[in-house]
Amino acid sequence: MPRALSTYGGKLYVASTDGLYNEVWEVNASTGAKTRVFYQIEDDWLNAPSDMFIREVSGVPQIVMLMSGGSSIYTLNLDGTGLTRIGGAERFEDLMGARADALLGRAEALAVSPDKTKMYVSFAQANKIAVVDMTTGAVSFLAGHIRDSYVEGVGAAARFSGVAAIAVSPDGKTLYLADKNNQRIRTIDVATGASSYLTGAGFTNLIDPANPSAFIG
């Protein structure tokens, strides 16, 4: 899916993407022969290039790409090295902090602790879990990542894909998550942010080139 074009030194540079696999190609404008100079799997910041141009910085050519899907701007060298984000923010509202500052984009599910002091919220396409202090309204991060996948881990190392429902254990120590796109019920330790598998099988929304079928029994 070519999305952006620019020319430099008699060559054509093309940025393409399917929303996950992001590439830059160098094309001989006379023959059409092409070489892929950049390739990265990413759907957080580096996502869906929509425009690009080439500038010189101290005589060195540099590609500047606008990422419409990632709400960001990147630069890189013509050989694909030196990838640097120079501006932008995450594509979903995502900000921890005080009541007046917090942003929970696309909130989908919530649950309240047994003692009514905390509220747990899934947001940003339901791939992150936040904790809301019911007294102050302050929001803090617990687990997950804006990039959906299936990974058991602690805090930001954990990956979810569409948490549609949350329940809290009677002792308030464990969250139960209905991770719908991964077809699993999973848990989070509220003290550590560690996720664990509980039940469910079949296909997951797993981003793993080593397992393209995404099937986990």
Closest non-hydrogen atom pair, M67 against Y74: CG-CD1, 4.0 Å
Closest approach of K34 to V27 (non-hydrogen atoms, all atoms of both residues): CB-CG2, 3.9 Å
Test side-chain contact (heavy atoms from CB on, under 4.5 Å) applied to A100 - qualifying residues, sequence neighbours left out: none
Stepwise side chain to side chain contact (heavy atoms under 4.5 Å, CB included) check, T75 with M65: CA-CA 6 Å; T75 62; M65 290 192 296; over 6 Å; no
Closest approach of R147 to R159 (non-hydrogen atoms, all atoms of both residues): O-CD, 3.2 Å
Partner residues of R99 under the salt bridge (Lys or Arg N to Asp or Glu O under 4.0 Å) criterion, sequence neighbours left out: none
Salt bridge (charged side-chain N to carboxylate O under 4.0 Å, His left out) contacts in which one or both residues fall within residues 3-22, not counting sequence neighbours: K11-E26
Donor-acceptor contact present, side-chain N127 to main-chain G162, <3.5 Å: yes
Contact check, side chains of L177 and I188, non-hydrogen atoms, under 4.5 Å: yes
Cluster overlap V37 with L76, hydrophobic side-chain contacts below 4.5 Å: yes
Donor-acceptor pair, side chain of T187 and main chain of L175, under 3.5 angstrom: no
Partners meeting side chain to side chain donor-acceptor pair (under 3.5 Å) with E152 (sequence neighbours left out): Y150, R186, S195
Least distance between heavy atoms, A143 atom then G193 atom: CB-O, 3.6 Å
S169 side chain to T174 backbone, donor-acceptor under 3.5 Å: yes
pair I63-Y13: side-chain heavy atoms closer than 4.5 Å: yes
Connected hydrophobic set around L198, excluding itself, where side chains approach under 4.5 Å: Y176, I185
Atom pairs and distances, donor-acceptor, side-chain atoms in residues 50-58, under 3.5 Å, two or more places apart:
| residue | atom | partner | partner atom | Å |
| --- | --- | --- | --- | --- |
| R55 | NE | Q62 | OE1 | 2.9 |
| R55 | NH2 | Q62 | OE1 | 2.7 |
| E56 | OE2 | Y8 | OH | 2.6 |

Taking every non-hydrogen atom, the tightest pair across V14 and P2: CG1-CB, 3.8 Å
K173: salt bridge (Lys or Arg N to Asp or Glu O under 4.0 Å) partners, not counting sequence neighbours: none
Residues forming a side-chain contact (heavy atoms from CB on, under 4.5 Å) with T31, sequence neighbours excluded: N28, A33
Minimum side-chain heavy-atom gap D94-K128 below 4.5 Å: yes
Pair S16-Y21, side chain to side chain contact (heavy atoms under 4.5 Å, CB included): steps then yes or no: CA-CA 8 Å; S16 62; Y21 296 85; over 6 Å; no
Side-chain heavy atoms of L66 within contact of P49, under 4.5 Å: no
Flag side-chain contact, heavy atom, 4.5 Å: N22 against Y39: no
Set of residues satisfying side chain to side chain donor-acceptor pair (under 3.5 Å) with respect to S6, sequence neighbours excluded: none
Whether S122 side chain and A109 backbone form a donor-acceptor pair below 3.5 Å: yes
Name every donor-acceptor pair, under 3.5 Å, that has one atom in a side chain of residues 77-84 and the other anywhere in the protein, sequence neighbours excluded.
| residue | atom | partner | partner atom | Å |
| --- | --- | --- | --- | --- |
| N77 | ND2 | T81 | O | 3.4 |
| N77 | ND2 | T81 | OG1 | 3.0 |
| D79 | OD1 | T81 | N | 3.0 |
| D79 | OD1 | T81 | OG1 | 2.7 |
| T84 | OG1 | G82 | O | 3.1 |

Residue among D148, N182, N181 satisfying side-chain hydrogen bond (donor to acceptor under 3.5 Å, both in side chains) with N205: D148
Qualifying residues under side-chain contact (heavy atoms from CB on, under 4.5 Å), relative to T135, sequence neighbours excluded: D133
Under 3.5 Å: donor-acceptor pair, side chain of Q183, backbone of G202: no
side-chain contact (heavy atoms from CB on, under 4.5 Å) partners of V121, counting only residues at least two apart: L104, A107, L110, M119, V132
Nearest-0.5 Å distance, CG of residue D179 to CZ of residue R184: 9.0 Å
Side chain to side chain contact (heavy atoms under 4.5 Å, CB included) evaluation trace for L12 with L5: CA-CA 7 Å; L12 179 67; L5 302 170; 4.3 Å; yes
Cluster overlap F141 with M134, hydrophobic side-chain contacts below 4.5 Å: yes
Distance-minimising heavy-atom pair for A158 and G153: CB-O, 3.8 Å
